[in-house]
Participant: 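The structure is given below, and queries will be raised subsequently.
Because the structure is a prediction, the values reported are computed rather than measured. Hydrogens, waters and symmetry mates play no part in the numbers below; they use all other heavy atoms, side chains included.
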Amino acid sequence: MASDGARKQFWKRSNSKVPGSIQHVYGAQHPPFDPLLHGTLLKSMPKVPTTPVKAKRVSTFQEFESNTSDAWDAGEDDDELLAMAAESLNTEVVMETAHRVLRNHSQRQGQHALQEAPGPEQRPSPVAEPLSAPSGDLRLVKSISESHTSCPAESTSDAVPLQRSQSLPHSATVTLGVTSDLSTLSTSALSEREASRLDKFRQLLAGPNTDLEELRKLSWSGIPKPVRPITWKLLSGYLPANVDRRPATLQRKQKEYFAFIEHYYDSRNDEVHQDTYRQIRIDIPRMSPEALILQAKVTEIFERILFIWAIRHPASGYVQGINDLVTPFFVVFICEYIEEEEVDAVDISRVPAEVLRDIEADTYWCMSKLLDGIQDNYTFAQPGIQMKVKILEELVSRIDEQVHRHLEQHEVRYLQFAFRWMNNLLMRELPLRCTVRLWDTYQSEPEGFSHFHLYVCAAFLVRWRKEILEERDFQELLLFLQSLPTAHWGDEDISLLLAEAYRLKFAFADAPNHYKK
């Protein structure tokens, strides 16, 4: 629990005006307190009626603020369907594929319930093909959580959990049959599918000139681990599509990066840059996975990457949150040279020094490419984040008015939880394995880290609508939104989230222009 003094320091802005210094670091979880924006929070909250079973005192924002710690102390089965969505940007095909994924998941949950029901003779029967609904209805609106967190008994007798599915525009159907349960699929069948996808990637990458548009379409539904490093470098724009030009490009860019190191890095302890370097060194140990980050060689690599980027981008300098964006690139690129499945188990000291040098340079340039598209998130006052949070609020008010009203009623402001979602690209909300999978799609989407990320955040919030609506206390509601239970999420959860986000993107194709910025 951080002290009162520490919390005051957390919001304190740096007065330094020199290039490369820390520029108004707001932190990853909350923006600075704005009396105009949060004036209503200074009023006491009305008492909420409580049930006779459990009497609970309603907390106010001031009480919550005084009792919470620093923000930084917080701790293919659907591949074929998603690949179909990536094969064409035709709206009908994309919408059809998104709904297939969602219905597939809902029907699979129903099959699990049937298999677990009592009766030795009972077997799951084939799922009947549902009737198609008009495809022109692009209205949304219930969350994924409502469809697959309900009890089986409720789903058969109560129409509420089915409301969301009925509101979706069904233009195609999927028959799952008795083998819909993933546990009944053979390992060989899954490996054949994965091998087939891997072969498609390798064929595409083997040509003299890689078709980047086809690579994006294929990557939307996930990139196989063996080809992920080269695919990320191509999709980020770091490597050219022409195979013959790649070795020379790599050599030139790596040489350029280490020239920056030689020229700038010795100035890290100078008075003009020491605040930047000190903040970087404070933030790196707070990153994840801790077992990897706390290794001395990894810490040194991250310090160099972040310091050089800050020095070369004085408009923003270093801001808390940028440090998290290094990790996915570093982890993906180092996996090309290690055998361990879990990156936490990797002993970096066993990796050759020349390999680490190459990984460091590649990570720096790919992270720079990402930040080029969202740099207004980290300039003075972070206007990019402020704008994106406002757009998210407007989107959610149209997608699920009940959730939006519930947050308003309990005086929970979107900035209090979504600021971090934009600042860290959901990295603090998801396990690293899910972030890597999410970034496969972000890099294959036009403006994935800026534009498409908004729809992912909207889908992410509505995913928890059932749990959000059950919370009737300001403090518990905000704490839930700031620590969502995603620790056990995997590829299927991300696939469902992306399918819903893609559906929202097309459902709001006629939205005002500011939604598309």
Participant: About how many Å separate CG of Asn377 and CZ of Phe419, when rounded to the nearest 0.5 Å?
Facilitator: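 Between atom CZ of Phe419 and atom CG of Asn377 there are 8.5 Å.
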Participant: Would Tyr502 and Phe452 count as a ring-ring contact (aromatic ring centres under 6.0 Å, His included) here? Give the steps.
Facilitator: CA-CA 8 Å; Tyr502 220 81; Phe452 187 60; 5.8 Å; yes
Participant: Kindly give the heavy-atom pair with the smallest separation between Ala459 and Leu504, and that separation in Å.
Facilitator: N-CD1, 3.9 Å
Participant: Indicate whether any N or O donor in one side chain lies under 3.5 Å from an N or O acceptor in the other, for Trp232 and Asp440.
Facilitator: yes
Participant: Taking CZ in Arg433 as the centre, count heavy atoms belonging to other residues, nucleotides or ligands within less than 6.0 Å. Is the count above 12?
Facilitator: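 Yes - once you tally the heavy atoms of other residues, nucleotides and ligands closer than 6.0 Å, there are more than 12.
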Participant: Examine distances only and state if a side-chain atom of Asn323 and a backbone atom of Gly321 form a donor-acceptor pair shorter than 3.5 Å.
Facilitator: yes
Participant: Does some side-chain heavy atom of Leu432 sit less than 4.5 Å from a side-chain heavy atom of Val331?
Facilitator: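 Yes, close enough: below the 4.5 Å cut-off.
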Participant: Run the side-chain hydrogen bond (donor to acceptor under 3.5 Å, both in side chains) test on Arg246 and Thr210 for me, step by step, so that the C-alpha distance in whole Å, both residues' side-chain angles and the decisive distance to 0.1 Å come before the verdict.
Facilitator: CA-CA 11 Å; Arg246 290 174 194 168; Thr210 302; 2.7 Å; yes
Participant: When you measure from the side chain of Arg245 to the backbone N and O of Pro240, does any donor-acceptor pair fall under 3.5 Å?
Facilitator: no
Participant: Could you check whether Asn424 and Glu429, counting side-chain N and O atoms only, form a donor-acceptor pair closer than 3.5 Å?
Facilitator: no
Participant: For Ile359, does its backbone N or O pair with a side-chain atom of Asp362 as donor and acceptor, under 3.5 Å?
Facilitator: no
Participant: Take Ile374 and His453, measure what side chain to side chain contact (heavy atoms under 4.5 Å, CB included) needs, and give me the verdict at the end.
Facilitator: CA-CA 11 Å; Ile374 58 171; His453 180 66; over 6 Å; no
Participant: Let me see the working for Leu392 and Met422 under side chain to side chain contact (heavy atoms under 4.5 Å, CB included), right down to the final yes or no.
Facilitator: CA-CA 10 Å; Leu392 176 65; Met422 305 301 173; 3.9 Å; yes
Participant: Could you report the tightest heavy-atom contact between Ser288 and Thr327, atom names first, then the distance?
Facilitator: O-CG2, 3.4 Å
Participant: Taking the side chain as C-beta and beyond, is there a heavy-atom pair between Thr249 and Tyr238 under 4.5 Å?
Facilitator: no
Participant: Checking ring-ring contact (aromatic ring centres under 6.0 Å, His included) for the pair Trp439/Phe329: CA distance, chi angles, key distance, verdict?
Facilitator: CA-CA 10 Å; Trp439 283 25; Phe329 289 113; 5.4 Å; yes
Participant: Can you find a side-chain donor-acceptor pair between Gln274 and Asp270 that sits under 3.5 Å?
Facilitator: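 Looking only at side-chain atoms, Asp270 and Gln274 do not form any donor-acceptor pair under 3.5 Å.
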Participant: Measure the spacing between CE of Met367 and CD1 of Ile305 and express it to the nearest 0.5 Å.
Facilitator: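 It comes to 7.0 Å.
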Participant: Once you round to the nearest 0.5 Å, how far does CG of Asp358 lie from OH of Tyr257?
Facilitator: 12.0 Å
Participant: Between Tyr277 and Arg268, is there a cation-pi geometry (under 6.0 Å to ring centre, at most 45° from the normal)?
Facilitator: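 Yes.
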Participant: Got a second to check how far Thr486's OG1 is from Asp493's CG, nearest 0.5 Å?
Facilitator: 9.0 Å
Participant: Measure from the side-chain N and O atoms of Gln482 to the backbone N and O of Leu479, and report whether any donor-acceptor pair falls under 3.5 Å.
Facilitator: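 Judged by distance alone, no pair lies under 3.5 Å.
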Participant: Under 4.5 Å between any side-chain heavy atoms of Leu477 and Leu407, yes or no?
Facilitator: yes
Participant: Between the main-chain N or O of Ser219 and the side-chain N or O of Gln443, is there a donor-acceptor pair closer than 3.5 Å?
Facilitator: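 Not at all, since once roles are kept as given, no pair shorter than 3.5 Å links the two residues.
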Participant: Could you state the interatomic distance from CG (Leu461) to CG (Leu481), rounded to the nearest 0.5 Å?
Facilitator: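 Here the rounded value is 6.5 Å.
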Participant: Is Glu500 salt-bridged to Arg463, going by a charged N under 4.0 Å from an acidic O?
Facilitator: no
Participant: Would a distance-only check, ignoring hydrogens and angles, find a side-chain to backbone donor-acceptor pair under 3.5 Å from Arg312 to Phe260?
Facilitator: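 Pair absent, no side-chain N/O of Arg312 close to backbone of Phe260.
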Participant: Would one find more than 12 heavy atoms of other residues, nucleotides or ligands at under 6.0 Å from atom NZ of Lys369?
Facilitator: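 Open: at most 12 neighbouring heavy atoms sit under 6.0 Å from NZ of Lys369.
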Participant: I want to check something: taking the side chain as every heavy atom from C-beta on, are Leu292 and Ile348 in contact at a cut-off of under 4.5 Å?
Facilitator: yes
Participant: Tell me whether Glu360 is salt-bridged to Arg357, with the criterion being a basic N under 4.0 Å from an acidic carboxylate O.
Facilitator: no
Participant: Restricting to non-hydrogen atoms, name the atom on Pro383 and the atom on Asp376 that form the minimum distance, rounded to 0.1 Å.
Facilitator: CD-O, 3.4 Å
Participant: Can you tell me if His451 uses its side chain to pair, donor with acceptor, with the backbone of Glu445 under 3.5 Å?
Facilitator: no
Participant: For Tyr265 and His273, which I'm curious about, is there any donor-acceptor pair between the side chains at under 3.5 Å?
Facilitator: no
Participant: At what distance, to the nearest 0.5 angstrom, does CZ of Phe417 lie from CZ of Arg420?
Facilitator: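 Rounded to the nearest 0.5 Å, the CZ-CZ separation comes to 11.5 Å.
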Participant: What I want to check is whether the side chains of Asp275 and Gln279 have a donor and an acceptor closer together than 3.5 Å.
Facilitator: no
Participant: Residues in salt bridge (Lys or Arg N to Asp or Glu O under 4.0 Å) with Glu393, at least two apart?
Facilitator: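 For Glu393 there are no salt bridge (Lys or Arg N to Asp or Glu O under 4.0 Å) partners, ignoring immediate neighbours.
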Participant: Between Thr299 (side chain) and Ile293 (backbone), is there a donor-acceptor pair under 3.5 Å?
Facilitator: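 Yes; judged by distance alone, with no hydrogens or angles, the pair exists.
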Participant: Do Glu447 and Ser450 have side-chain heavy atoms sitting under 4.5 Å apart?
Facilitator: yes
Participant: Are Phe330 and Phe333 close enough, and set up right, to give a ring-ring contact (aromatic ring centres under 6.0 Å, His included), and what steps lead you there?
Facilitator: CA-CA 5 Å; Phe330 182 82; Phe333 295 157; 8.8 Å; no
Participant: Indicate the atoms forming the closest heavy-atom contact of Gln375 with Ser316, along with that distance.
Facilitator: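 For Gln375 versus Ser316, the nearest heavy atoms are NE2-OG, 3.8 Å.
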Participant: Go through it in stages, so that I can follow the logic: the residues are Tyr455 and Leu395, the test is side chain to side chain contact (heavy atoms under 4.5 Å, CB included), and I'd like the CA-CA distance, side-chain angles, deciding distance and then a yes or no.
Facilitator: CA-CA 8 Å; Tyr455 295 98; Leu395 275 172; 4.2 Å; yes
Participant: I need the minimum non-hydrogen distance between Ile322 and Gly317, along with the two atoms involved.
Facilitator: CD1-O, 4.0 Å
Participant: For the backbone of Arg197 and the side chain of Arg202, can you confirm whether one donor and one acceptor N or O come within less than 3.5 Å of each other?
Facilitator: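 Looks like no, no N/O pair under 3.5 Å.
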Participant: Answer whether the closest heavy-atom distance between the side chains of Trp464 and Pro485 falls below 4.5 Å.
Facilitator: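 Sidechains of Pro485 and Trp464: in contact.
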Participant: Is there a side-chain contact between Asp244 and Pro208 in this structure, where contact means two heavy atoms from C-beta onward sitting under 4.5 Å apart?
Facilitator: no
Participant: Taking CD in Glu256 as the centre, count heavy atoms belonging to other residues, nucleotides or ligands within less than 6.0 Å. Is the count above 12?
Facilitator: yes
Participant: Using atom types as modelled and distance alone, determine if a side-chain donor or acceptor of Ser236 lies under 3.5 Å from a backbone N or O of Cys366.
Facilitator: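 Side chain of Ser236 to backbone of Cys366, a donor-acceptor pair under 3.5 Å: no, none is there.
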Participant: Start with the C-alpha distance between Leu215 and Leu205, add both sets of side-chain angles, then the distance that settles side chain to side chain contact (heavy atoms under 4.5 Å, CB included), and finish with yes or no.
Facilitator: CA-CA 8 Å; Leu215 186 62; Leu205 295 169; 4.2 Å; yes
Participant: Might you point out which heavy atoms bring Gln295 and Ser349 nearest each other, and give the distance in Å?
Facilitator: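 Nearest heavy atoms, Gln295 then Ser349: OE1-N, 4.3 Å.
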Participant: State whether Arg286 and Asp283 are salt-bridged, where the test is any N-O pair (Lys NZ or Arg NE/NH1/NH2 against Asp/Glu carboxylate O) under 4.0 Å.
Facilitator: yes
Participant: Decide, yes or no, whether a salt bridge links Glu213 with Arg216 under the criterion of side-chain N to carboxylate O below 4.0 Å.
Facilitator: yes
